Q: 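Here it is, the structure, as structure tokens.
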Amino acid sequence: MLFFDCTALRAPVMSVFQIIIIIIIIIIIISSVFLHTHSADDLYFAVMPQTVTALTGSCVQIPCTFNISNFEDKLKKTKSINGIWLKNKSQFADNDSFIAFNSSKNIISGFSDIQITGDLSERNCTTVFYNIMKNHSDLYYFRLEMEPNVFRATFNPNQPDSRKTVNISVIDSPHPLILKPTDLKEVMEETTVNLSCSAEAPCPEQPPTISWSSIPESAHITTQLQEKHDKTQSLFSHMTFKASYMDHRRNISCTVTYPRNTLEDSTVETIVMLRILFPPKETHITIDSSASVSVGTNVTLTCKSKANPSNDMNYTWYKHGYDTPIARGKKISFIVTNNTGFYFCTAQNKHGKQSSAEIQLTAEGQDGQSMPLIAGCVGGIAAVLTLSALGFCTRRKKINKPSDNEKDPSGQVNKILDDETLIIYYEKTENPKQQNYCITETHFKHDEYTEIEYRVF
């Protein structure tokens, strides 16, 4: 009879029967981790993902590896090694067990095709199930048989840890794509931007395709299949480009297409908007007036520019001949009198500033006298004015713009508005008998032009 002195531990004395019960419980716990087969030396387990997601009409690959104690020795005694997949139940001998695949008897039940693509002699039981349908969603157990009667066992029938058997989940629509960074923050112009798009690839033998749209001109793209920690695979595409202000608010989309044995392939898409920080660009001046620009009319000049951020933009106006700014703000308005001359503006945000090109503001006098009009090239007339006495306008008329097949005199084009073009032509004529010298100035605007003739006597 055994006695246990536990007074030092201040615990009650346990009987032999209680000790035996504790030992049995420990053995059961150990057995739940490493399941035994023919003898206590046969420890075995398989590693596979707990869940794989398949798309209806496609295929799914189950990455699978296994380990058996003394496998090399067993392999030397083996004449044939076969793999079996059981659906729903792990009991191979049950009458109601469903054998989906048996490589030894070439049995494929309930599927169009199942293939073990791994090498069983290398402990690789990776298997591909083809043409998956909704009714294929279930638990699947892998069984290995090494004949003649060397090793026979079903792996992981009831293990509670991460080495459980695999659950195939069949869905009709693909999972959403993963676009990183998920919330692309504003990036500074000229910096390098990295975008990645990834999607599940449940069947590498029929992999999905990935495409990008509305990408920047400088974009460089690489695409490949990648293995995840559970040995399943995903399709990964990486794009890198240098940020340009022209890409601001550009919507870039990533699209993945899954081939299926159905009427149509399945596609899934995700979109990200680029937000580029940049100093003012394309700064220019536009003019707005209630009528033709003449003395006494109200004229508004607007400084326009592209920038981000734009809500803190500062605009400053300058006039040729003045040392200091003449105004601040996006627009300036005034009544045309003697305030003609050359104007330009600057636009500025926290990232920098830019100046517009100069424009010349001139006006046409109400009494028929000619004062310069907004144009960049009226120097030809000004030169004539300084060389001789200039008469007033003797003729002013408005007619239709000549057709393209008519001969136009040589001239110069000056763009003064976003949507308007002013064309000025100069044409010299001489009359030797009267010794008259004529300059004709023609202003084209939209579909009409105004012809003004100056005559020098």
Side-chain angles (χ1 to χ4, degrees), residues 35 37 44-66 80-121 123-147 151-159 162-175 199-208 228 230-234 258-266:
L35 298 178
T37 178
Y44 59 93
F45 63 89
V47 177
M48 61 189 75
Q50 291 187 29
T51 301
V52 291
T53 302
L55 191 62
T56 53
S58 183
C59 60
V60 63
Q61 176 177 279
I62 300 176
C64 174
T65 57
F66 62 87
S80 66
I81 181 169
N82 303 300
I84 298 171
W85 283 96
L86 305 172
K87 181 181 178 182
N88 187 258
K89 285 191 175 184
S90 61
Q91 289 76 18
F92 178 68
D94 284 1
N95 293 329
D96 58 347
S97 63
F98 186 90
I99 300 175
F101 177 72
N102 188 333
S103 63
S104 65
K105 299 180 180 180
N106 198 25
I107 294 176
I108 299 175
S109 180
F111 290 84
S112 61
D113 193 16
I114 298 176
Q115 293 182 10
I116 296 179
T117 56
D119 187 347
L120 296 178
S121 64
R123 303 183 180 91
N124 190 334
C125 47
T126 298
T127 305
V128 177
F129 292 70
Y130 293 90
N131 198 21
I132 291 289
M133 294 300 169
K134 290 286 287 186
N135 63 334
H136 292 148
S137 294
D138 214 324
L139 290 172
Y140 289 83
Y141 298 87
F142 179 71
R143 178 178 177 83
L144 187 72
E145 293 186 347
M146 304 174 72
E147 301 295 349
F151 178 88
R152 295 173 183 172
T154 301
F155 291 90
N156 308 346
N158 296 301
Q159 289 195 34
S162 60
R163 295 176 301 186
K164 284 181 178 179
T165 193
V166 66
N167 177 25
I168 297 180
S169 175
V170 184
I171 58 177
D172 291 325
S173 300
H175 284 307
E200 296 295 323
C203 185
E205 292 195 7
Q206 296 177 5
K228 297 190 293 184
D230 62 355
K231 303 302 181 180
T232 60
Q233 295 192 349
S234 64
Y258 289 87
R260 300 198 298 177
N261 296 328
T262 56
L263 295 177
E264 295 181 356
D265 294 336
S266 291

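Predicted model only: the values in this text are computed from it and were never measured.
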Q: Can you confirm if the aromatic rings of Tyr141 and Trp85 lie within a centre distance of less than 6.0 Å?
A: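 When the ring centroids of Trp85 and Tyr141 are compared, they turn out to be at least 6.0 Å apart.
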
Q: Atom OG1 in Thr126, atom CE in Met48: separation rounded to 0.5 Å?
A: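 If I round to the nearest 0.5 Å, the distance is 9.5 Å.
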
Q: In the structure I gave you, are the side-chain heavy atoms of Leu86 and Ile99 within less than 4.5 Å of one another anywhere?
A: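 Side chain of Leu86 against side chain of Ile99, heavy atoms only: contact under 4.5 Å found.
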
Q: Would you sort out whether Tyr44 and Phe155 count as a side chain to side chain contact (heavy atoms under 4.5 Å, CB included), showing the intermediate values?
A: CA-CA 7 Å; Tyr44 59 93; Phe155 291 90; 3.7 Å; yes

Q: Could you go through the side chain to side chain contact (heavy atoms under 4.5 Å, CB included) check for Val60 and Val170 one step at a time?
A: CA-CA 9 Å; Val60 63; Val170 184; over 6 Å; no

Q: Are Tyr258 and Pro202 packed together at the side-chain level, in the sense that at least one heavy-atom pair is separated by less than 4.5 angstrom?
A: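 With C-beta onward as the side chain, the pair touches.
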
Q: Side chains of Ser173 and Ser266: does their closest heavy-atom pair fall under 4.5 Å?
A: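 Heavy-atom side-chain distance check fails, nothing below 4.5 Å.
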
Q: Asp138 and Lys87: which non-hydrogen atoms are nearest, and at how many Å?
A: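 Taking Asp138 first and Lys87 second, the nearest heavy atoms are OD2-CE, 3.4 Å.
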
Q: Is the number of heavy atoms from other residues, nucleotides or ligands under 6.0 Å of Lys231 NZ greater than 12?
A: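 Result for NZ/Lys231: open.
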
Q: Is it true that Tyr130 and Glu205 share a donor-acceptor pair across their side chains at a distance under 3.5 Å?
A: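 There is such a pair (donor and acceptor under 3.5 Å, judged by atom type) between the side chains of Glu205 and Tyr130.
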
Q: Which class fits the ring pair His136 and Phe111: parallel under 30°, tilted 30 to 60°, perpendicular over 60°?
A: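 Geometry flag for Phe111 against His136: parallel rings.
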
Q: Using side-chain heavy atoms (C-beta onward) and a distance below 4.5 Å, is Ile62 in contact with Ile168?
A: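 Of all side-chain heavy-atom pairs linking Ile168 with Ile62, at least one is under 4.5 Å.
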
Q: Please report the closest heavy-atom contact between Asp265 and Pro259, naming both atoms and the distance.
A: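 For Asp265 and Pro259, the tightest heavy-atom pair comes out as OD1-CA, 3.6 Å.
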
Q: Atom CD of Glu145 and atom CD of Glu147: how far apart are they, to the nearest 0.5 Å?
A: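 CD of Glu147 is found 5.5 Å from CD of Glu145.
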
Q: Between Leu120 and Cys125, is the side chain to side chain contact (heavy atoms under 4.5 Å, CB included) condition met? List the steps.
A: CA-CA 6 Å; Leu120 296 178; Cys125 47; 4.0 Å; yes

Q: Nearest 0.5 angstrom please: Asn261 CG to Met133 CE, how far?
A: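 Here the interatomic distance stands at 7.0 Å.
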
Q: I need the Ile114 CD1 to Asn131 CG distance, nearest 0.5 Å.
A: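 So the gap between those two atoms works out to 11.5 Å.
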
Q: State, with a plain yes or no, whether a side-chain heavy atom of Gln50 is found less than 4.5 Å away from one of Asn167.
A: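 They are not in side-chain contact.
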
Q: Examine distances only and state if a side-chain atom of Ser103 and a backbone atom of Gly83 form a donor-acceptor pair shorter than 3.5 Å.
A: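 Yes, because the side chain of Ser103 sits within donor-acceptor range (under 3.5 Å) of the backbone of Gly83.
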
Q: Heavy-atom distance under 4.5 Å between the side chains of Ile171 and Leu55, does that happen here?
A: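 With C-beta onward as the side chain, the pair touches.
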
Q: Out of curiosity, Cys64 SG to Phe142 CZ, how far, rounded to the nearest 0.5 Å?
A: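 So the SG of Cys64 and the CZ of Phe142 are separated by 5.5 Å.
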
Q: Tell me, yes or no, whether the heavy-atom count around Lys134 atom NZ, taken from other residues, nucleotides or ligands under 6.0 Å, exceeds 12.
A: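 For Lys134, atom NZ is crowded (more than 12 foreign heavy atoms under 6.0 Å).
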
Q: Going from CE on Met146 to CZ on Arg152, what distance comes out if it is rounded to the nearest 0.5 angstrom?
A: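 Result: 12.0 Å between the selected atoms.
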
Q: Considering all heavy atoms of both residues, which atom of Arg143 and which atom of Ala153 are nearest to each other, and what is their separation?
A: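 Heavy atoms of Arg143 and Ala153 come nearest at CG-O, 3.2 Å.
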
